[in-house]
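First the structure, in the form of structure tokens, and then the observations on it.
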Amino acid sequence: MKETPINGIMENAISKIRDMVDVSTIIGEPFQSGDVTLIPVSRVSYGFGSGGTDLPSKQSAELFGGGAGAGISIIPVAFIVIQNDKVRMMQINNFTSSADRAIAMIPELVEQVSELVKEKKADKETKTEAAE
């Protein structure tokens with residue numbers, strides 16, 4: 001395969017994208033706020049394009065025209081919250097539909113129901129001990 005200047009342009013663009021996007025871009029560095037540890041979570045999208053042409057002419061056989069471009073989008077979507085030996089995910093509300101909103105509420109709903117069941121069980125045990 002013939003080595004052309006477009007190869008260098010594409011390699012440079014891909015290299016720059018690799019430098020911009022790594023795991024710490026998606027799962028951010030944890031930071032502490034009192035007894036709570038927060039870890040940011042982001043959605044990363046990126047793309048690039050490049051192109052070129054080689055148009056030899058009678059004057060010079062070494063003409064070349066080319067270009068490359070890249071773009072990146074980083075959107076925060078949630079935080080992982082660690083507090084008192086509990087880990088939960090708090091989504092940033094960028095819902096696109098009611099179904100998204102309902103799915104996001106499931107972990108909170110499960111936690112509330114389990115707390116309610118624990119309270120009822122504790123009340124029942126208390127009443128049983130009082131009756132004895």
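The shortest non-hydrogen separation linking S42 to P76 is OG-CA, 3.8 Å.
The one candidate from K86, R88, M89 that meets the side chain to side chain contact (heavy atoms under 4.5 Å, CB included) condition with V81 is R88.
Residues passing the side-chain hydrogen bond (donor to acceptor under 3.5 Å, both in side chains) test with Q32, sequence neighbours excluded: T37. Take V87 and apply the side-chain contact (heavy atoms from CB on, under 4.5 Å) test, not counting sequence neighbours, and it matches I80, I82. The side-chain contact (heavy atoms from CB on, under 4.5 Å) test applied to S33 returns no partner, not counting sequence neighbours. Under the side-chain contact (heavy atoms from CB on, under 4.5 Å) criterion, N84 pairs with D35, not counting sequence neighbours. For V44, the side-chain contact (heavy atoms from CB on, under 4.5 Å) partners are V21, T25, I26, Y46, I72, I74, not counting sequence neighbours.
The distance from the CG atom of L38 to the CD atom of E29 is 13.5 Å, given to the nearest 0.5 Å.
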Next on the checklist: Assess the residue pair V41 and I27 against the criterion (side-chain contact (heavy atoms from CB on, under 4.5 Å)); give the C-alpha distance rounded to whole Å, side-chain angles, the decisive distance to 0.1 Å, and a yes or no.
Outcome noted: CA-CA 5 Å; V41 179; I27 304 293; 4.0 Å; yes
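Counting heavy atoms from C-beta outward, I39 and F31 have side chains that stay 4.5 Å or more apart.
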